[in-house]
Asker: 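Below is a structure I'd like to ask you about.
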Amino acid sequence: MQFLQLVISGIAQGCIYGLIALGFVLIYKATETVNFAQGDLMMLGGFFGLSCMVVLGMPFWVAFLATLAVAMLFGMLMERALLRPLLGQPAFTVVMLTIGIGYLARGMVTMIPGWGTETHTLPVPYKDEVLRVVIGSGDPLILSTEHMVIIAVTAFLIAILFLFFRYTKLGIAMQATSQNQLAAFYMGIPVRRINMLVWGISAAVSACAGLLLAPITFVHVNMGYIGLKAFPAAVVGGFGSIPGALVGGLIIGIVESLAGFYLPEGFKDIAAYILVLVMLVILPNGLFGDKMRKKV
Amino acid sequence: MRFIFKTRYEQDLVLFKHGGQKFWYAVLVAALLLAPLLFSEYFISQLVFIWIYSVVGLGLMLLVGYTGQVSLGHAAFLAMGAYTEAYLQARGWPFLLSLSSAAIVSGVTGIVVGLPALRVKGIYLSIATLSFGFIVEEAVTRADSITGGNTGITLGNLEIFGWAVDSEAAFYYVSLVVLILCILGVMNLMRSPTGRAFVAIRDSEISAQSMGIHLARYKTIAFALSAALTGVAGALYAHKLRFISPEQFTIVQSIELLIMIVIGGLGSIYGAIFGAAFWILAQQLIVTAKDWLPPEIGQQTGLQPTIFGIFLVAFVLFEPLGIYGLWLKVRTFLEIFPFYRKGMFKRQKSYMKSERLK
């Protein structure tokens with residue numbers, strides 16, 4: 001029972017990693033840009049949600065949707081203003097830019113009145129409730145609602161994204177762009193606008209992760225560092241594979257949760273990083289990644 | 001404007017391109033040697049920080065600016081150097097021996113971390129170094145029998161061949177000498193076949209490979225040398241601060257080191273030094289400016305990251321060669337005075353090259 005309990009809380013945490021990794025892989029697939037500010041987008045999402053609920057007094061679900069919309073706009077604006085001028089520059093330039101954006105975001109957030117360096121509680125309606133599930137004759141399984149909400153919302157979001165990429169014209173255009181930008185451009189797909197939208201969706205997904213995580217870790221500036229664990233998730237899943245990002249996130253979440261319980265103190269925080277180093281040695285292309293060769 | 005008429009291949013290799021350079025560098029070195037006699041102790045202490053950060057910058061420049069690999073965990077190598085130095089000094093090793101041990105320990109760790117990551121392309125090294133950075137941070141905190149854990153560790157006085165380095169000025173000379181040796185080392189490396197191979201890898205891995213450069217081997221050499229230089233800087237850093245603890249070597253520190261050299265200017269030795277100078281001097285300016293800024297802005301902890309973040313984003317967008325690039329423009333403008341044209345340093349745009357073609 002203990003084990004199951006740990007696995008479930010690991011899955012919940014893993015969903016968060018998976019969502020951030022998903023946002024990150026979306027951008028990577030579409031634009032071949034590695035976005036090191038993904039965790040900070042998540043942090044901003046948490047703060048947007050906080051402002052919507054506390055300052056503007058919106059009810060939770062309205063605030064949730066409003067946050068997603070604001071985050072999406074923010075992502076698109078960021079792409080348009082900062083990343084598009086660098087189109088065609090070496091990958092390193094863009095990596096440095098996203099690192100800079102993340103660094104800047106962490107600095108700026110502390111300067112905004114009402115956000116600052118303190119830890120805030122997001123007043124969600126489902127806080128501190130637990131569900132008791134009795135399986136067979138053993139002890140009841142105690143599940144916190146926060147974890148259940150994370151898992152349910154993640155599943156829902158993934159289903160929507162799946163349908164979007166599979167059945168809508170826009171989704172298929174995004175797939176085409178991610179496979180071959182030039183060919184997509186020749187087929188009349190507005191590649192630049194698609195890239196902008198991809199940044200928007202990715203920012204919205206991260207903001208969603210931020211809102212889901214907020215009841216557990218609270219909202220604070222250094223929330224973004226949790227997003228760094230999305231990199232191990234993406235590598236484990238195979239860089240550039242969307243289902244891989246989720247599975248990788250779940251694996252990282254579960255490993256972390258079990259390491260926190262069964263291994264000595266201190267291993268919980270670095271379990272994900274040890275796992276990724278091991279993964280690079282034995283299976284550098286990840287679970288779902290395909291081997292790419294480069295042409296001149 | 002000076003035209004260098006090259007008649008021999010060796011002229012491409014010489015360290016100083018012309019007599020004027022020799023003269024001005026000699027003047028600079030003389031001025032730096034005299035500095036402790038002229039300036040206040042506080043100023044000298046800031047200069048020492050610049051020298052130390054320049055050594056880190058050089059190490060990182062070798063990897064990022066010359067070989068084109070991104071490391072997000074260089075604070076870990078700084079920590080390795082600092083703790084090795086602290087540990088060995090406490091056991092009575094002489095400075096030169098412990099300094100080189102710090103370099104060797106960092107370098108060897110660099111090889112161990114880099115090997116798996118360097119076999120695969122690009123971004124994996126950043127992720128591996130990021131992971132390594134977190135692991136070292138945690139290990140340093142936990143291994144308190146060696147590192148003193150969260151309470152940190154204090155270093156004793158530095159002594160070189162019986163000469164006690166107990167004043168700020170004395171340590172200034174030590175770090176200056178180390179920096180100059182490091183600069184000369186990197187300059188010489190960059191004109192050797194190994195250094196040329198690094199640059200070839202940065203510019204195009206595929207063409208480098210076709211020219212017979214063993215990618216994994218040269219990337220590993222670059223990574224190890226970079227880590228070793230950072231280790232040297234770490235040892236100096238430990239002596240400068242006299243107290244080291246895990247929170248000085250976090251991921252934030254790694255990111256800041258990277259930001260430092262990008263602001264300074266990638267791909268040149270000047271860049272590493274300009275970056276370090278900018279980093280230290282700007283911090284001082286911000287601290288000074290805090291007093292006369294309105295307290296709503298001045299007292300914010302986020303002020304410094306915000307300003308550095310804006311600088312970084314602006315440099316990446318508008319001046320990819322950083323401060324060195326600005327200096328290059330000003331110098332060219334003066335040298336060819338009335339003939340400077342607007343498009344002389346125009347950024348080359350290329351079509352996006354996909355790395356995913358099968």
Side-chain angles (χ1 to χ4, degrees), chain A residues 28 31-32 34 36 82 85-97 99-111 113 116-117 179-182 221 225 228 231-232 234-235 239-240 264-267 269-270 272-277 280-281 284-285 290 292-296, chain B residues 64 68 70 72 113 115-117 119-124 126-128 130-135 137-139 141-142 204-207 210 251-252 255-256 258-259 262 266 296-297 300-310 312-313 315-317 320 347 349-352 354-358:
Chain A
Y28 181 74
T31 63
E32 287 189 33
V34 179
F36 278 96
L82 298 175
L86 289 183
L87 213 64
Q89 299 298 333
F92 173 73
T93 317
V94 186
V95 166
M96 219 41 237
L97 183 70
I99 290 178
I101 291 171
Y103 189 75
L104 184 59
R106 282 194 294 277
M108 292 262 244
V109 161
T110 61
M111 310 258 285
T117 44
Q179 278 175 13
N180 190 335
Q181 252 179 15
L182 205 57
V221 181
Y225 290 120
L228 290 178
F231 294 115
V235 171
F239 223 72
E265 202 193 351
F267 272 98
D269 293 328
I270 55 171
Y273 300 112
I274 294 178
L275 187 68
V276 75
L277 285 182
L280 280 177
V281 177
N285 285 309
D290 35 333
M292 300 288 178
R293 232 175 281 121
K294 200 171 157 185
K295 269 189 187 169
V296 185
Chain B
V64 181
V70 188
L72 282 173
V113 182
L115 262 185
R119 286 187 308 155
V120 270
K121 68 177 174 52
I123 200 65
Y124 286 90
S126 343
I127 293 169
L130 178 82
S131 311
F132 173 67
F134 277 110
I135 293 171
E137 195 187 325
E138 192 67 32
T141 319
R142 300 283 160 195
S204 162
E205 290 199 2
I206 291 178
S207 24
S210 345
I251 168 79
V252 182
I255 292 176
E256 286 177 347
L258 207 53
I259 294 179
V262 172
L266 283 178
E296 298 86 57
I297 302 176
Q300 299 278 5
T301 47
L303 183 65
Q304 190 181 314
T306 308
I307 291 174
F308 283 154
I310 291 172
L312 174 70
V313 171
F315 269 118
V316 170
L317 285 177
R347 218 168 169 179
K349 269 217 176 215
S350 61
Y351 289 101
M352 185 159 145
S354 177
E355 302 199 335
R356 282 197 301 238
L357 294 171
K358 275 186 208 174

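Treat the numbers as computed from the prediction; the structure is a model and nothing was measured. Residue numbers begin at 1 in each chain, while the letters A, B, ... track the order of the sequences.
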Asker: Measure across B:A128 and A:L280 and return the closest heavy-atom pair with its distance rounded to 0.1 Å.
Answerer: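 Result for this residue pair: CB-CD1, 3.7 Å.
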
Asker: Can you tell me how far apart CG (B:L72) and CZ (A:F36) are? Round to the nearest 0.5 Å.
Answerer: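 Here the interatomic distance stands at 5.0 Å.
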
Asker: Examine whether an atom of B:Q304 lies under 4.5 Å from a heavy atom of chain A, and if so say whether it belongs to the side chain, the backbone or both; otherwise answer neither.
Answerer: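 The answer is neither part of B:Q304.
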
Asker: Specify which of A:V276, A:I101, A:T110, A:V109 makes the most heavy-atom pairs with chain B at under 4.5 Å.
Answerer: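 The residue among A:V276, A:I101, A:T110, A:V109 with the greatest pair count is A:T110.
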
Asker: What is the distance from atom CG of B:L312 to atom CG of A:L104, rounded to the nearest 0.5 Å?
Answerer: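 So the gap between those two atoms works out to 9.0 Å.
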
Asker: Who among A:V95, A:L275, A:L182, A:L228 has the most heavy-atom pairs with chain B under 4.5 Å?
Answerer: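 Among A:V95, A:L275, A:L182, A:L228, the one with the most close pairs to chain B is A:L228.
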
Asker: Heavy-atom distances under 4.5 Å only: say whether B:V313 touches chain A with side chain, backbone, both or neither.
Answerer: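 For B:V313, the contact with chain A is made by backbone and side chain together.
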
Asker: If I take atom CE from residue A:M108 and atom CD1 from residue B:I307, how far apart are they, to the nearest 0.5 angstrom?
Answerer: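 Nearest 0.5 Å value for the CE-CD1 distance: 11.0 Å.
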
Asker: Got a sec, which residues hit side-chain hydrogen bond (donor to acceptor under 3.5 Å, both in side chains) with B:S210, two or more places apart in sequence or on another chain?
Answerer: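 Counting only residues at least two positions away or on another chain, B:S210 forms no side-chain hydrogen bond (donor to acceptor under 3.5 Å, both in side chains).
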
Asker: Given B:V316, which of A:V94, A:L97, A:L82 fulfils the side-chain contact (heavy atoms from CB on, under 4.5 Å) condition?
Answerer: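 One option only clears the test, and that one is A:L97.
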
Asker: Please round to the nearest 0.5 Å and tell me the distance separating atom CD1 of A:I274 and atom CD1 of B:I135.
Answerer: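 That separation rounds to 5.0 Å.
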
Asker: Tell me, for B:I255 versus chain A, whether the close heavy atoms (under 4.5 Å) come from the side chain, the backbone, both or neither.
Answerer: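 Just its side chain gets close to chain A.
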
Asker: I need the minimum non-hydrogen distance between A:Y103 and B:P305, along with the two atoms involved.
Answerer: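 So the two residues come closest at CE2-O, 3.5 Å.
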
Asker: Please report the interatomic distance CG(B:L303) to CE(A:M111), rounded to the nearest 0.5 Å.
Answerer: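 Between B:L303 CG and A:M111 CE, I get 5.0 Å after rounding to 0.5 Å.
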
Asker: In Å and rounded to the nearest 0.5 Å, what is the CD to CZ distance from B:E138 to A:F267?
Answerer: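 Spacing of CD (B:E138) from CZ (A:F267) equals 9.0 Å.
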
Asker: The test is side chain to side chain contact (heavy atoms under 4.5 Å, CB included); show your working for B:F134 and A:D269 and say whether it passes.
Answerer: CA-CA 8 Å; B:F134 277 110; A:D269 293 328; over 6 Å; no

